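Comments concern the structure below.
Side chains are part of it too, since the values below use all heavy atoms of this structure and drop only hydrogens, waters and symmetry mates. Owing to the predicted nature of the structure, the values given are computational and were not obtained by experimental measurement.
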Amino acid sequence: MIAALFALLAAAPQQAAAPQDTARVKQGVDYRVEARLDETTQVLAGRARLRYTNRSRAALDTIYLHQYLNAFRPNSAWARREMQFGNRRFQDLGPEDHAFERFRSVQVDGRPVSPVYPGAPDSTVVAIPLPAPPAPGGTATVTTDWDARLSTLPRRQGRRGRHFDFAHWYPRVAGFDEGGWQPHPLLPQGEFYGDFASYDVTMELAEDQVVAATGVPVEGDPGWRLNGQLPPAEALPRDAYPARPAEALGLLTGDAGAGRKRIRWRAEDVHHFAWNTSPTFRYDGVIRTSLDERGNATPLPSIHVLYEPADTGWSGAVARHTYNAVTWLQGIFGPYLWPQLTVTSRVEGRGGTEFPLLIMNASPTEGLVVHEATHQWLHGMLANNEWREGWLDEGFTSFVTDWYFEEKGQTDVWNQTMQGLANLERRGQAEPVGLPGEQFSSPAIYSAMTYDKASVVFRMLRELLGEDTFRRAMRAFYERHKLQHVDEADLRAVTEEVSGRDLDWFFQQWLHTTDTLDYGIGGASTERLPNGQWRTTVEVLRLGRAWMPVQLQVAGTSRTLDSREPRQVVQVVTRERPREVVVDPREVLLDLDRTNNRAEVR
């Protein structure tokens, strides 16, 4: 099994290991972690107990883990990929600056084993052989000791002074689904995929550190202070999960010691655990409640914001943006299912990254906050494989973000995206949106297809179905698949069921081809009828290979044209003499050439 994976990863890292049956697989994953951060060496020492229950129908002789910190160092798959485009930033990092994640020991069910790195020299995927393969329903316990250090050059993770962003830091189990194991090296084009799990994490660090993390701080002081005071008790849902004693792993023994503290965090039904810390973080918070008709209050998940003193524009604004986003998103999909959500500033100076219950952002802008908050649903609770179908969370999220601003009255929110995509398609640079991330020809094309074009595809889907039907489909997608892995087939099945329409052509055309759409007006003439009305004859041309129903507007009268013929002649009767005719007047469709969408009426 391990030997076979060497060739598998080298040939096609996006492929799965041996397929399983077609039924949904949700493995049992339970983490207990102890970790100690030494700021003098900048190294974190960790010990983890991973209890892995095999709920598939196949016996497993290997567990695959990701050590994603190893991407941010010379000779990693990430560094080599960037060098193809002239970027040597991680390839040239020196020994004091690059990241690492190194095992000190690995045991399976108490027996020492040797990890295998099938993608060497890349070491972001590691295979752990199982001496006694667990049959279906069986469990293997993997205990690891490791050291981890962030890189001084940030990319999602990173360190600067006493600020540490632990986006990656522990051996994270690879995703397992109906396609089998899904190990994947960390690359610039794509992000994450993992199994839902339970996490119980105790960390030891300097007493003055202020900490944010996936999960709830059930023991210890994370350092949050509002005007020098502890947040109200209802802002810290320490009882969000049933109480249970912490399992001792033996790394953290005795007391923490002078100038040190320990914090225990717990999280359930999440597929990753990230955290960050800085002694100078400032705190904002929002306590959310729901009132019923009788005035009875029910607590809702609280919102926390941590930011550096130099982070201008964060105070008050980020908490307000997050509250507004979460409230709106719950109306689109359904409830936020975790006990709290924390937004923090990060070392990296641009963009943001989502993790369950935690967002690390570089700026306080409302657009960034809404985008990353949307990811709590799209990839957080509806967990797609971002390597295989990045459009299903990044494109979907980009669409939802623009939808949010549409509803705030920003009518021009789509203009720049539509113009940029049309220019790219006219140059012949488009690639199928549904490609796995690493198969796009460049990071720029990956971004344009996965974020921008995919967002327009979702906009066209909303137009095709109608907003009311589309909203019902979004709710149904969430209700059916929350806290599960999802893929294109799941989304297509729900939208077809809710709409009562066959949408296979839509998903195939817009995700798996580069066919272009170009409607145009061949000509338009009008004549006055005896009753004083005007009959306008319009020639509508479909010049591209792609097809969509299209709106034709004549003097305020709209008609939907759903013929697939390359040429249609349409007659429209209006009370007033039309001056011009327009196809796709609201500019919803991804039309290659809009200069031919309007014509004067003769």
Side-chain angles (χ1 to χ4, degrees), residues 14 81-82 85 155-156 186-193 325 329 332 348-355 359-363 365-380 382-406 410 412-427 429-463 474 486-488 491 507 509-514 516 587-590:
Q14 77 280 4
R81 175 66 172 168
E82 286 195 332
F85 301 97
R155 183 64 185 102
R156 301 189 186 113
L186 189 62
L187 297 170
Q189 295 167 208
E191 290 184 88
F192 314 123
Y193 185 51
L329 288 161
I332 297 297
E348 188 174 3
R350 59 187 296 272
T353 304
E354 73 283 357
F355 310 95
I359 296 167
M360 299 184 195
N361 277 351
S363 83
T365 61
E366 186 174 17
L368 181 60
V369 171
V370 174
H371 183 96
E372 301 303 338
T374 303
H375 275 309
Q376 295 296 308
W377 280 262
L378 300 175
H379 186 64
L382 297 163
N384 64 302
N385 184 335
E386 291 188 284
W387 300 112
R388 189 167 57 218
E389 296 178 323
W391 62 270
L392 188 50
D393 71 298
E394 293 297 356
F396 204 166
T397 292
S398 297
F399 159 75
V400 171
T401 302
D402 284 346
W403 189 6
Y404 173 89
F405 286 104
E406 274 184 337
Q410 295 190 21
D412 62 347
V413 69
W414 289 99
N415 292 1
Q416 184 175 352
T417 297
M418 300 292 281
Q419 292 167 8
L421 287 171
N423 290 337
L424 187 146
E425 295 211 332
R426 281 194 291 271
R427 295 194 299 267
Q429 294 179 317
E431 297 174 10
V433 170
L435 285 177
E438 66 265 32
Q439 291 187 19
F440 286 99
S441 60
S442 72
I445 296 300
Y446 161 79
S447 179
M449 297 296 101
T450 302
Y451 289 73
D452 297 338
K453 186 171 181 179
S455 73
V456 174
V457 170
F458 277 101
R459 186 189 186 203
M460 291 191 294
L461 180 61
R462 183 185 63 179
E463 178 76 3
M474 297 302 95
V486 294
D487 58 19
E488 176 192 337
L491 178 65
F507 285 87
Q509 173 178 278
W510 291 114
L511 298 179
H512 303 293
T513 79
T514 56
T516 57
E587 300 187 2
V588 175
L589 303 183
L590 185 55

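Heavy atoms of other residues, nucleotides or ligands lying less than 6.0 angstrom from CZ of R427 number more than 12.
Between F399 and W414, some side-chain heavy-atom pair lies under the 4.5 Å cut-off. Residues P432 and T513 are not in side-chain contact: their nearest non-hydrogen atoms beyond the backbone lie 4.5 Å or more apart. Inter-residue side-chain proximity for D487 and N385 is flagged as unmet; no heavy-atom pair is nearer than 4.5 Å.
The CD1 atom of I359 sits 10.0 Å away from the NE2 atom of H371 when rounded to the nearest 0.5 Å. Here the CD-CE distance, from Q189 to M449, works out to 12.5 Å after rounding to the nearest 0.5 Å. Taken to the nearest 0.5 Å, the CG atom of L382 stands 8.5 Å off from the CG atom of L392. In this structure, the separation between OH on Y404 and OG1 on T397 is 15.0 Å, given to the nearest 0.5 Å. Here D412 contributes atom CG and M418 contributes atom CE; the two are 13.5 Å apart, rounded to the nearest 0.5 Å. Here the CZ-CG distance, from R350 to N361, works out to 12.5 Å after rounding to the nearest 0.5 Å.
The heavy-atom pair separating L378 from D393 by the smallest distance is O-CB, 3.6 Å. The two residues A362 and L368 make their nearest non-hydrogen contact at N-CD2, 4.0 Å. The two atoms that bring V433 and F440 nearest to each other are O-CZ, 3.7 Å, heavy atoms only. The shortest heavy-atom contact between L590 and A422 is CD1-N, 4.5 Å. Shortest non-hydrogen contact noted between T450 and G390 is CG2-C, 3.4 Å. When every heavy atom of F458 is checked against every heavy atom of L491, the shortest pair comes out as CE2-CD2, 3.7 Å.
In this structure, the side chain of D402 does not engage the main chain of S455 through any donor-acceptor pair within 3.5 Å. In this structure, S447 contributes its side chain and A444 its backbone to no donor-acceptor pair below 3.5 Å. In this structure a side-chain-to-backbone donor-acceptor pair under 3.5 Å is present from Q376 to F355. At distances below 3.5 Å, at least one donor-acceptor pair connects side-chain atoms of E431 with backbone N or O atoms of S441.
Salt-bridge check for R156 with E191: passed, with a basic side-chain N closer than 4.0 Å to an acidic carboxylate O.
For the residue pair E354/H379, the side-chain donor-acceptor check at 3.5 Å is not satisfied. The closest side-chain donor-acceptor pair between E488 and H512 falls under 3.5 angstrom.
Among residues two or more places apart in sequence or in another chain, the salt bridge (Lys or Arg N to Asp or Glu O under 4.0 Å) test is passed with E406 by R462.
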Requested in this report: Under the side-chain contact (heavy atoms from CB on, under 4.5 Å) rule, what do I332 and W403 come out as? Steps first, then yes or no, please.
Outcome: CA-CA 10 Å; I332 297 297; W403 189 6; 3.8 Å; yes
Report task. Go through the steps for M474 and F396 under the test side-chain contact (heavy atoms from CB on, under 4.5 Å), then give the verdict. Result -> CA-CA 11 Å; M474 297 302 95; F396 204 166; 3.3 Å; yes
Query raised in the report: Which is it for E425 and K453 under the salt bridge (Lys or Arg N to Asp or Glu O under 4.0 Å) test, yes or no, and what are the steps along the way?
Result: CA-CA 10 Å; E425 295 211 332; K453 186 171 181 179; 2.8 Å; yes
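Note: Y451 and Y446 have perpendicular aromatic rings, judged against thresholds of 30 and 60 degrees for the angle between ring planes.
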